[in-house]
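Whatever order the structure lists them in is the order used to number ligands and atoms, beginning at 1.
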Amino acid sequence: MPANYHTHTPLCRHAEGEPEAYVDAAIAAGHTEYGISDHAPQVPEPYDDWRMLESELPEYLRWIERARAHAAGRIPIRCGLECDWLQNCEPWISDLASRHEWDYLIGSVHYLEDWDFDNPKWLGSRWAESDVEEVWTRYWKTYTDMVESGLFDILGHPDLVKKFAHRPAGDLTRFYEPVIDAIAASGSVIELNTAGWHKPCDEAYPAPGFLELACSAGIPLVISSDAHTPAEVGRDFPRAIALAKAAGYRETQLFEKRKRRSEPLP
Ligand SMILES: [Zn+2]
Ligand SMILES: [Zn+2]
C-alpha cells in the first residue's frame, strides 16, 4: 500500500486514539510509510475549536516521537502539519515551517474568509442561505491563491467544497481547469483523499474528472485517508488505488524533509 500522510491526533479535539494504535493500523494496512499531519495551530488564538494550540506543538512532536518509538523501524514515521490557507497567512505559515524539520506541509482550504464551510454546524444557516455557484467560485479562487503561494508540499482534499453534496449544475470542468493549470505550474502534489466517500458527497476528493485532468497535466499524487481514528487509517486504499489508476496514475509520492521521490502504485 502507498504511504498515507494525511492523518490526525487527539490534539485537534475531534480525533481519537493513541499513537501506538495508529501505527499498528498502518502496519496492518501495509502502508510503505505513515505520516502524521494534524490541524496546525492558527493565530490569533483561540481561532476555532478544531485544532491544537500553539502551546501544544511540543506535545504534538512528543506524540509523533511515541509513534516512531512504537514503530521501531517497522515503518517510517513522517512528521507534517495540515495548515489552513487564510487571507494574509503567509508569514504564519513560514513561521510554522521554521518550528521543526517537517517532512511535508499540507495546505488546505477549510475557510472562505471567516466561514469554515466544511463544519456541519453551518448546514442550516450559512449553507442554506448560499448560492452554490458563488461559493464554488470563491472556493476555487481561494484554492488557486493557496497553490500560487508555493508554501505547501501537498495540496489537501482539492474539492472539499462538495463535502455536503453542494454542486453547481452542469459540467464542473470550468472550475477545475484554471486551478489545474496553477497546480501544474507550481510543481505541487495533490492528494486523493478517501474521506469524501464517507461524507454526503459520497465521492473521494477530488472527483474522478479532476483527477484525470490532473494526471494529464503531469501533477503528482499522494493517496491519504485523513484518518481521525485508528480504524480509518487504511480505509478505502484499494478503491483509491483503482481510481488513481483509472485516471492514468502509475505512481505516488514519498516525502522526507520536504524532499520528494516517487514509488510505483501496487
Ligand atoms: Zn480534522
Ligand atoms: Zn482538512
Side-chain angles (χ1 to χ4, degrees), residues 4-19 21-22 25 34-42 46-53 56-57 59-60 63-64 78-86 89 92-93 96 102 104-123 127 135 139-140 142-143 145-147 149 151-164 166 179 183 188-201 203-207 210 221-233 235-236 240 255:
N4 185 0
Y5 285 147
H6 186 158
T7 72
H8 292 276
T9 84
L11 285 166
C12 69
R13 295 159 171 79
H14 62 278
E16 56 189 42
E18 300 299 317
Y22 280 92
Y34 183 70
I36 298 155
S37 57
D38 209 1
H39 296 284
Q42 184 60 53
Y47 197 82
D48 49 36
D49 60 359
W50 50 267
R51 67 184 65 250
M52 73 180 88
L53 296 169
E56 290 171 325
L57 268 172
E59 188 179 345
Y60 177 56
W63 200 96
I64 294 171
R78 303 296 179 209
C79 179
L81 284 173
E82 182 184 13
C83 304
D84 276 81
W85 177 256
L86 302 162
C89 68
W92 176 242
I93 302 296
L96 284 173
W102 307 106
Y104 56 88
L105 295 179
I106 300 175
S108 291
V109 173
H110 302 111
Y111 275 93
L112 297 175
E113 280 108 53
D114 64 337
W115 178 25
D116 51 342
F117 63 86
D118 72 322
N119 191 331
K121 76 178 180 184
W122 302 116
L123 272 175
W127 264 117
V135 176
Y139 175 83
W140 289 109
T142 306
Y143 204 92
D145 289 345
M146 174 176 79
V147 171
S149 78
L151 290 169
F152 306 103
D153 305 289
I154 298 170
L155 303 166
H157 36 59
D159 56 356
L160 179 67
V161 68
K162 74 181 175 190
K163 176 175 176 177
F164 302 116
H166 301 96
V179 71
I183 297 169
S188 306
V189 172
I190 60 165
E191 70 169 1
L192 171 52
N193 183 315
T194 65
W197 274 315
H198 304 274
K199 300 294 191 284
C201 60
E203 188 177 73
Y205 312 110
F210 186 109
L221 184 75
V222 295
I223 300 177
S224 57
S225 64
D226 210 343
H228 286 73
T229 69
E232 293 172 2
V233 166
R235 190 166 68 168
D236 296 323
F255 285 92

request  = Please state whether the separation between the Zn ion (ligand 1) and some N/O/S atom of His39 is under 2.8 Å?
outcome  = yes
query = Got a sec: is His6 within less than 2.8 Å of the Zn ion (ligand 2) via an N/O/S atom?
reply = no
task = Check step by step if salt bridge (charged side-chain N to carboxylate O under 4.0 Å, His left out) holds for Asp84 and Arg51.
result = CA-CA 10 Å; Asp84 276 81; Arg51 67 184 65 250; 3.1 Å; yes
request  = Provide the atom name of the closest N, O or S atom of His228 relative to the Zn ion (ligand 1).
outcome  = NE2
message = Looking at Glu191 and His157, would you say the former's side chain and the latter's main chain have a donor-acceptor pair under 3.5 Å?
response = yes
Identity of the N, O or S atom of Glu82 lying closest to the Zn ion (ligand 2) = OE2
inquiry  = Under the criterion ring pair (Phe, Tyr, Trp, His ring centres under 6.0 Å), I'd like the reasoning laid out for Tyr47 against Trp92: C-alpha separation, chi angles, the key distance, then a yes or no.
reply    = CA-CA 13 Å; Tyr47 197 82; Trp92 176 242; over 10 Å; no
note = min-distance N/O/S atom, His14 vs the Zn ion (ligand 1), resolves to NE2
ask   = What are the two closest non-hydrogen atoms of Asn119 and Phe164, and how far apart are they?
value = C-CZ, 4.1 Å
task = Could you tell me whether the side chain of Glu59 and the main chain of Glu56 form a donor-acceptor pair under 3.5 Å?
result = no
inquiry  = So that I can check it, does any N, O or S atom in Cys12 come closer than 2.8 Å to the Zn ion (ligand 1)?
reply    = no
